[in-house]
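Here's the structure, in structure tokens; my notes come after.
Start at 1 and go down the list; that is how both ligands and their atoms are numbered.
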Amino acid sequence: MSFLQRLFRQKKQFKIAVVGLDSAGKTTMLNFLRFEKNIETLPTIGVNVEVLKRENVNLSIFDLGGQMHFRSLWGTLMRGASAIIFVVDSADRDRIEEAKIELWKVLLDPQYPDAPLLIVANKQDKVGAMPVEDIVRACNLDDPLKMGRRSWHIQPTVATTGQGVEEAIKWIVIELDKL
Ligand code: G3D
Ligand code: MG
């Protein structure tokens with residue numbers, strides 16, 4: 001691609017939904033990324049929207065509240081999302097089953113049959129954190145029949161130090177660039 005073509009190439013715009021149980025580390029992860037702007041914060045309904053520019057894509061990242069009473073809003077707030085980020089607290093073995101149930105509610109929503117899925121296996125620094133292989137198994141991600149044509153990836157992270165966070169976003173950008 002020539003310099004001029006590169007200069008005038010339109011940036012593609014995408015909406016990304018970040019979901020996961022409360023306290024998984026969604027907001028901590030997003031705080032680690034340098035945002036262009038914060039569109040609005042709606043703490044009352046538990047949504048935070050940030051715009052992130054990477055290479056030739058603009059990402060509007062919707063950080064959705066994970067508390068039980070907000071989860072019913074995920075469907076509405078996720079409308080139009082091109083990719084899904086699901087954050088898991090890898091050390092919270094007691095709630096991995098609950099995380100799996102919420103994840104599959106999102107994956108079985110007919111609105112996003114093919115949206116790329118990034119699982120963020122967060123809190124890898126904690127003692128007893130499940131390695132990614134255990135999370136894949138616990139969340140049934142290793143079932144090719146269920147996953148269908150969806151492209152997915154699991155990224156271990158420590159959101160408090162930012163470890164793995166840029167790699168996670170990089171994967172999303174590469175996937176979105178294919179759309
Ligand atoms: P949420 O937005 O998904 O609800 P938060 O979760 O980002 O608010 O994080 C919940 C708590 O987990 C925070 O602690 C945060 O510091 C902590 N946390 C997030 N990521 C990590 C991580 O990778 N490792 C560790 N050890 N802790 C993490 P507080 O104490 O503020 O509630
Ligand atoms: Mg939060």
Exercise for the section: Decide whether Ile174 and Leu33 are clustered together by the hydrophobic rule: side chain heavy atoms of Ile, Leu, Val, Met, Phe, Trp, Tyr closer than 4.5 Å, transitively. Expected result: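 No, Ile174 and Leu33 fall in different hydrophobic clusters.
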Handout entry: Positive for side chain to side chain contact (heavy atoms under 4.5 Å, CB included) with Arg71, one of Asp22, Val19, Val106
Key =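 Answer after filtering Asp22, Val19, Val106: Asp22.
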Exercise for the section: Have a look around the Mg ion (ligand 2) and list protein N/O/S atoms under 2.8 Å, or say none. Expected result: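 Counting only protein N, O or S atoms under 2.8 Å from the Mg ion (ligand 2), the list reads Thr27 OG1.
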Practice task
Find the distance between CD1 (Ile172) and CZ (Phe14) and round it off to the nearest 0.5 Å.
Solution key: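 The distance works out to 10.5 Å.
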Practice task
Measure the spacing between NZ of Lys178 and CG of Leu176 and express it to the nearest 0.5 Å.
Solution key: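 So the gap between those two atoms works out to 10.0 Å.
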Shortest protein heavy-atom distance from [atom], along with the residue and atom involved:
atom                    : result
atom 6 (O) of ligand 1  : Gly25 N, 3.1 Å
atom 15 (C) of ligand 1 : Thr28 OG1, 3.7 Å
atom 23 (O) of ligand 1 : Ala159 N, 2.9 Å
atom 12 (O) of ligand 1 : Lys123 NZ, 3.0 Å
atom 16 (O) of ligand 1 : Thr160 CG2, 3.8 Å

Handout entry: By salt bridge (Lys or Arg N to Asp or Glu O under 4.0 Å) - contacts of Asp109 (at least two apart)
Key =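 If we apply the salt bridge (Lys or Arg N to Asp or Glu O under 4.0 Å) test to Asp109, skipping adjacent residues, there are no hits.
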Problem - Non-neighbouring partners of Lys26 that pass salt bridge (Lys or Arg N to Asp or Glu O under 4.0 Å), sequence neighbours left out - result: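 Scan of Lys26 (salt bridge (Lys or Arg N to Asp or Glu O under 4.0 Å), adjacent residues dropped) gives none.
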Heavy-atom nearest option to [atom], drawn from [options]:
atom                    : options                       : answer
atom 1 (P) of ligand 1  : Pro156, Ala129, Ala121, Ser23 : Ser23
atom 25 (C) of ligand 1 : Asp89, Val165, Val127, Asp125 : Asp125
atom 20 (N) of ligand 1 : Val87, Asn31, Leu30, Asn122   : Asn122

Handout entry: Residue portion contacting ligand 1 (non-hydrogen atoms closer than 4.0 Å) for Lys126
Key =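 For Lys126, only side-chain atoms sit under 4.0 Å from ligand 1.
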For residues [X] and [Y], determine if any side-chain heavy atom of one lies less than 4.5 Å from a side-chain heavy atom of the other.
X      : Y      : answer
Pro156 : Lys123 : no
Glu166 : Phe32  : no
Lys100 : Leu103 : no

Handout entry: Cationic N near anionic O, under 4.0 Å, Asp92 to Lys126
Key =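 Salt bridge: no.
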Exercise for the section: List in chain and number order the residues that pass ring-ring contact (aromatic ring centres under 6.0 Å, His included) with Trp74, two or more places apart in sequence or in another chain; answer none if no residue qualifies. Expected result: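 For Trp74, no residue satisfies ring-ring contact (aromatic ring centres under 6.0 Å, His included) once neighbours in sequence are set aside.
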Practice task
Take every heavy atom of Ala24, measure it against each atom of ligand 1, and state whether any distance is under 4.0 Å.
Solution key: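 Contact check Ala24 vs ligand 1: positive.
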Problem - Pair Ser90, Gln124: side-chain N/O donor-acceptor within cut-off below 3.5 Å - result: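 Note: Ser90 and Gln124 side chains meet the donor-acceptor criterion.
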Exercise for the section: Would you confirm whether any non-hydrogen atom of the protein falls under 4.0 Å from atom 30 (O) of ligand 1? Expected result: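 So far as the 4.0 Å threshold goes, atom 30 (O) of ligand 1 is out of reach of every protein heavy atom.
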Practice task
Specify whether the nearest protein heavy atom to atom 18 (N) of ligand 1 is under 4.0 angstrom away.
Solution key: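 When distances to the protein are checked, atom 18 (N) of ligand 1 has a heavy atom within 4.0 Å.
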Practice task
Find all atoms of ligand 1 within a distance of less than 4.0 Å from any non-hydrogen atom belonging to Asp22, and give their numbers and elements.
Solution key: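 Listed by number with element: 4 (O).
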Problem - Ligand-side contact atoms (ligand 1) for residue partner Thr27, heavy atom cut-off under 4.0 Å - result: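 Listed by number with element, the hits are 2 (O), 7 (O).
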Problem - Backbone of Val88 reached by a side-chain donor or acceptor of Asn122 within 3.5 Å - result: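 Looks like no, no N/O pair under 3.5 Å.
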